[in-house]
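I have placed the structure first, in the form of structure tokens, so that the comments after it can refer back to it.
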Protein chains: 2
Amino acid sequence: MARTSLSGFPEWLPDGRIVEQFVLDHLRRTFELHGFAGIETRAVETLEELEKKGETSKEIYVLDRLQALKEAEAGRGRPSEHRLGLHFDLTVPFARYVVEHANDLDFPFKRYQIQKVWRGERPQEGRFREFTQADIDVVGAGTLPFHYEVDLPLVMAEALNALPLPPVRVLVNNRKVVQGVCESIGVSDVEAALRGLDKLDKIGAEGVREELAEASISAAQAGVLLAMAGIRTGDPREVRARVEALDLDGPTDLLATGLDELCALLETAGERMPGAVVADLKIARGLDYYTGSVYESEIEGHEDLGSICSGGRYDSLAHEGSRTYPGVGLSIGVSRLVSRMLSVPLVRATRSVPSAVLVAVVDEADRARSERAASALRARGIPADVAPSAVKFGRQIRHADRRGIPFVWFPGADGQADSVKDIRSGEQAEADAAAWRPPAEDLWPRVEAAK
Amino acid sequence: MARTSLSGFPEWLPDGRIVEQFVLDHLRRTFELHGFAGIETRAVETLEELEKKGETSKEIYVLDRLQALKEAEAGRGRPSEHRLGLHFDLTVPFARYVVEHANDLDFPFKRYQIQKVWRGERPQEGRFREFTQADIDVVGAGTLPFHYEVDLPLVMAEALNALPLPPVRVLVNNRKVVQGVCESIGVSDVEAALRGLDKLDKIGAEGVREELAEASISAAQAGVLLAMAGIRTGDPREVRARVEALDLDGPTDLLATGLDELCALLETAGERMPGAVVADLKIARGLDYYTGSVYESEIEGHEDLGSICSGGRYDSLAHEGSRTYPGVGLSIGVSRLVSRMLSVPLVRATRSVPSAVLVAVVDEADRARSERAASALRARGIPADVAPSAVKFGRQIRHADRRGIPFVWFPGADGQADSVKDIRSGEQAEADAAAWRPPAEDLWPRVEAAK
């Protein structure tokens, strides 16, 4: 389904693109129904802007004008100073956009953004170097109410669970809970604790204990952290009881706040979308830069795919002078999701072209008659193609069949009615291009669960 | 409307993006109604592939991994050999896609492709360095019937003329006519003749005469070429009569073929879309690589914008070994078009957010009630947002008003009905979120002609 002559740059055949477009259209519609405004930012940012986010900056693709490089090589000039790179996520550009256009935006500003991003991963890693992300964020000027930390993961859970996929769960944790537990047991190097816990799935509890020991975290402290990391439940009372049962040296205010937030999130999510959101206290990725809730996700039966939707709360998505813009957002890895949908396959497109109808051509000299029929269908919203040449009808029908076009239209000779044939059943009937409609399920290609 | 902190990289505010998205959706729908399958290609191609098309190769943006550059600078490694650049049009990538996936495609293959492209123009030229193109092409395996040279410009004329723009005309010429005229009057350096004629609008007839003289084209020959370039009409009989009236040394077979094609195109276009297509024999751009029909376009009253839709017929869009893939296609410069629509302005969006309804929040403790009303609306396809906080209703209404949201929804207290207010008229009425609908024209933001 996917062919990649350049490793890491996926490309779909037309029927794969129908599936991808279906996913993109569905996400866009869900985001718009929830009031998110669509924006696009330029593909490039200055290196200065990109390098602010340390973690991924090593994967930046830098741009140079070929002409400037050639001139520099020939000693006639030098590479431009104002160096540009391709964005590697949609958060850095969004933060820049918010600051740059702050005077023209209304806050809180809810936006969605669906664009390609690029990461110059080493070729051997077999990861995507170009892929599409679909992000939603809400950003406030100065303040942002907590309820958005509940609302946004539910928008994503709704979006993903309406796709033809096994159930998708959003997993949540809260920076304040983890940091509060660390504080209460005397672990001051929170980042080291997070780095250790983040490896739990890979190296197991024993491995994590060793890692933590190297960071001068005692066995007793490690025991509490691992007990915390074992808490996974959608029930807010259970979360609260199990955190309170940890061997803590008295809970801190930070822990109390974090626990209230986490439980409020689970409570509301449980009312609005039962089963969609689960607390998972071993989530540590992102906790170094998020300041409140953090989100990951998993598709039932496809846990190996990793999190295809992640995000969290920032107290300062962006700032300019004394103005700060707190935000909360999540990002879907669309290419990774679509790649899995196509490779299993979980879904298939009912055809590889938009056309519901192929209008046959009886005689090349009379192509205009076929074009008129096609125009009449299109004017009524029915996608229609006209046969490339007036070969035998059998070959024209095969042209439709190969592409999955369900109907072939035969223009009648002067004074005679047109007719339309369902090439799946073989049924043929007289029809008028100004009145006939295909069944609704045949109008456009559909994406259906693969058998 | 457009802010560009980086010169040449346009970015729109949310209401500008609504206009751009409207144009993109409209183009996509038109292309799909005509049976074109959508594809996307990766943003990068190898430099080898990009440099095959000489004309624009000087504008290529080359990519390098920042990490590789740093390692090279530190003397630990060297820049990668397999160098990549961003595509500067959608034709080069499409040709590569066709060859690469030939075994998985059905020919003739009709595709549309709407993507960003990048050109590393010198900053001072004030031209876009990132912009969106919308292309349609049909490509055959070995052969491609002439009628596609008629069909494709009509698809574009239909697409553009349904937008809120002044009338758009497609201008056509034919390589065979121009080359045939050259042959018949003994001009062997056809490229020089084309280069000269291409400057007619800039330097006038006298200037062109001087240019042609430098290429050893005689005054008499130049006179014929300029007379030819003066032919502009939608009437095929007039085209034929005026070409035949040129002072030719006997028409050649090539000229006869070209004239037949050009007249057939005008004839059919005149029947299917009167007035949309006009022959303009001074069009010379692209004639060096196209082999049959060539297309440009103009928007009435916006001729200064140049051609926003251009293309032509290739006898060999791509080839591999002895297989050739003839094609015909056109490309719309979407960013240039949208930029003009927004800057005049020719259009405006009726609001800057998708929401038709803002659901007010009476009391923060009762936010769930507002969320339930919003969910009920969304479930019926009505875009709805919920107020950020339970401030005074006046402020909640202002929140809607600033964004152009026409309706504010007030959830009723227990046992009382909800109500909805049209904040433009001030009318308020009881309403049920499971039944109420906004007027169709208020459901989604619309793009309307600016007053």
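Every chain is numbered from 1 and lettered A, B, ... according to where its sequence line falls, protein lines coming before strand lines.
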Name the region of [X], side chain, backbone, both or neither, that has any atom closer than 4.5 Å to a heavy atom of chain A.
| X | value |
| --- | --- |
| F36(B) | backbone |
| I382(B) | backbone |
| R372(B) | neither |
| F131(B) | neither |
| R367(B) | side chain |
| Q115(B) | side chain |
| L377(B) | neither |

Atom [atom1] in [X], atom [atom2] in [Y]: separation rounded to 0.5 Å?
| X | Y | atom1 | atom2 | answer |
| --- | --- | --- | --- | --- |
| W12(B) | H101(A) | CH2 | NE2 | 11.0 Å |
| S375(A) | H34(B) | OG | NE2 | 6.5 Å |
| E32(A) | S355(B) | CD | OG | 9.5 Å |
| I39(A) | I18(B) | CD1 | CD1 | 12.0 Å |
| F9(A) | E45(B) | CZ | CD | 10.0 Å |

With a 4.5 angstrom heavy-atom cut-off, could you sort out which part of [X] is near chain B: side chain, backbone, both or neither?
| X | value |
| --- | --- |
| R111(A) | neither |
| L105(A) | side chain |
| P14(A) | both |

So do the side chains of [X] and [Y] get within less than 4.5 Å of each other, counting heavy atoms only?
| X | Y | value |
| --- | --- | --- |
| D151(A) | V386(B) | no |
| Y148(B) | P388(A) | yes |
| K116(A) | K116(B) | no |
| Y61(B) | D64(A) | no |
| L13(B) | Y97(A) | yes |
| E51(A) | L66(B) | yes |

Does this structure show an ion pair linking [X] with [Y], if we count only N-O contacts that are shorter than 4.0 Å?
| X | Y | result |
| --- | --- | --- |
| R28(A) | D25(B) | yes |
| R65(A) | E59(B) | no |
| R378(B) | E158(A) | no |
| E40(B) | R17(A) | yes |

Inset, instruction - Take L63(B) and V62(A) through the side-chain contact (heavy atoms from CB on, under 4.5 Å) test and state the conclusion after the steps. - result: CA-CA 6 Å; L63(B) 295 188; V62(A) 180; over 6 Å; no
Legend entry - Side chain E130(A), main chain A43(B), donor-acceptor under 3.5 Å: yes
Legend entry - N/O donor-acceptor pair under 3.5 Å between E11(A) side chain and R42(B) backbone: yes
Legend entry - Choice from R272(B), R402(B), H399(B), E20(B) maximising heavy atom contacts with chain A below 4.5 Å: R272(B)
Top contributor to chain B contacts, counting heavy-atom pairs under 4.5 Å, from [options]:
| options | value |
| --- | --- |
| A374(A), P145(A), A384(A) | A384(A) |
| T30(A), V44(A), L144(A) | V44(A) |
| G85(A), A356(A), G381(A), G140(A) | G381(A) |

Legend entry - Minimum-distance pair of heavy atoms, taken over all atoms of A37(A) and S352(B): CB-O, 3.9 Å
Inset, instruction - Test side-chain contact (heavy atoms from CB on, under 4.5 Å) on V353(B) and K110(A) and set out the steps. - result: CA-CA 9 Å; V353(B) 295; K110(A) 291 172 69 172; over 6 Å; no
